[in-house]
2 protein chains.
Amino acid sequence: MVRVEREGTDRPPAGELTFLLGMGFQLVVAEFDRRVAEAGYPGLRPLHGMAFQALRGPGATSSELAERLGVTKQAAGQLVKELEQRGYVARRPHPAGGRRRLVVLTDSAERHLEVAGRVIAELEAELALRTGQADLGVLRAELTALVHAMSDGSPPPLRPVW
Amino acid sequence: MVRVEREGTDRPPAGELTFLLGMGFQLVVAEFDRRVAEAGYPGLRPLHGMAFQALRGPGATSSELAERLGVTKQAAGQLVKELEQRGYVARRPHPAGGRRRLVVLTDSAERHLEVAGRVIAELEAELALRTGQADLGVLRAELTALVHAMSDGSPPPLRPVW
DNA sequence: GGGGTGAGTAAAGCACCTTTACTCGCCCCG
DNA sequence: CGGGGCGAGTAAAGGTGCTTTACTCACCCC
């Protein structure tokens, strides 16, 4: 990592793309998590939200969830057990049989998805205002190009970073 | 979190700013770490590079390092002990006396900083090419505005995210 | 010279994940 | 129709990296 030359009144590195990405992501995620917790979901971390996303619609088996989250199936199974105890998912017999169990979202989890969606939309709208952009379309487009350039093909599962 | 409407051949969410930030950061950091390891520094995680950054120049005490990294002083002390054993930092008596010990970088760490700086510059140059941008100035500017809008004042320490 | 302050250290605890090793339902081929 | 084996799921132990709690000790300062 390299510290770039100072420019004007810039205090910290503040020119390094990698640092900027990290700080931006961290700030946005932290604020998102804070607001979701405040809206009635304390103790639900972003990873839980990712799991809800992965289980939307028809649901999935624990192993499918593991693959989508990029963790081992044991970790996914533990996550499912915890979410089941808290009433966010239910396990039903899988139509394909075998040892499979289908994990589906409860209404409670669906409500959380709605709240989280509203929170993140509000947050991004505020950011658009504060940065003076009409929307954040330019940033989105640039980031999309970046992600596409680095992962050409399928984007990676979103996991905790270092 | 909300899944956005499909557009063309887009497969995943791919419109959510938060997701894009996370994926971008994760991809860049992972590739950076991979290349640095390949360049002769296996087992040095990005956090170690952050510590080197924080210790550049006059060095710092363990407690100062802890504050800059956003961890407890115990965690920083443990990190220093590990880096000392591996020859990347040295501990010298602190001019201000007291129980303080000044942690400074060795030549080995300075060389790592040079390598890491070169690696990240190359990586960003390749990204600029692949995304078709002359440089990534637009993205940098947008991200700088975003970070500034969310942290007005001092940027946060860069820590593992969720 | 005795208490306060703050750096550093030690030990235990904890969150979260992986690795290793198994159980067991079903397919399928002989 | 029976047994091998594939793959989902589970169980238990291990490991990493951090925090919390609790202390030691050097110096300042009245």
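- Within 6.0 Å of the NE2 atom in A:His94, the count of heavy atoms belonging to other residues, nucleotides or ligands exceeds 12.
- Considering only side-chain N and O atoms, B:Arg101 lies nowhere under 4.0 angstrom from the phosphate OP1 or OP2 of D:dA26.
- Among the protein residues, B:Gly77 comes within range of no part of the nucleic acid, since none of its heavy atoms lies under 4.0 Å from any strand.
- The side chain of A:Thr61 has D:dA8 as its nearest neighbour among D:dC18, D:dA8, C:dT9.
- D:dG7 atom P lies 15 Å from atom NE2 of A:His94, rounded to whole Å.
- Summarising the geometry, the separation between CG on A:Leu83 and C1' on C:dC16 is reported as 14 Å, rounded to the nearest angstrom.
- B:Val138 and B:Phe25 fall into different hydrophobic clusters, where Ile, Leu, Val, Met, Phe, Trp and Tyr side chains are chained together by heavy-atom contacts under 4.5 Å.
- Comparing B:Arg100 and A:Pro160 along DNA chain C, the residue whose closest nucleotide (by nearest heavy atom) sits nearer the 5' end is B:Arg100.
- Toward the 5′ end of DNA chain D lies the nearest nucleotide of A:Gln78, the other residue of the pair B:Gln78 and A:Gln78 mapping further downstream.
- Dashed line: the shortest gap from a side-chain N or O of B:Thr72 to OP1 or OP2 of D:dT19 is under 4.0 Å.
- Atom CZ in B:Arg45 sits roughly 7 Å away from atom C1' in D:dG17 (whole-Å rounding).
- B:Glu67 places its CD atom 12 Å from the P atom of C:dG8, with the value rounded to the nearest Å.
- Side chains of B:Phe19 and A:Met50 form a contact here, defined as non-hydrogen atoms less than 4.5 Å apart.
- Below the 3.5 angstrom threshold, one finds no donor paired with an acceptor across the side chain of B:Gln74 and the base of D:dT19.
- Atom CZ in A:Arg68 sits about 13 Å away from atom P in D:dA8, given to the nearest Å.
- If you take NZ of A:Lys81 and P of C:dC16, they are 15 Å apart, rounded to a whole angstrom.
- Residue A:Arg99 places a side-chain atom within donor-acceptor reach of the base of D:dA8, judged by atom type and a 3.5 Å distance cut-off alone.
- Put simply, CD on A:Glu82 is 15 Å from P on D:dT10, counting in whole angstrom units.
- The distance from the OG1 atom of B:Thr144 to the CG atom of A:Leu20 is 4.5 Å, given to the nearest 0.5 Å.
- Remark: B:Ser63 is in phosphate contact with C:dG8, judged by side-chain N or O atoms under 4.0 Å from OP1 or OP2.
- For B:Lys73 and D:dC18, the NZ to C1' distance is 16 Å, given to the nearest whole Å.
- When side chains are defined from C-beta on, B:Leu44 does not count as touching B:Val36, because their heavy atoms never get closer than 4.5 Å.
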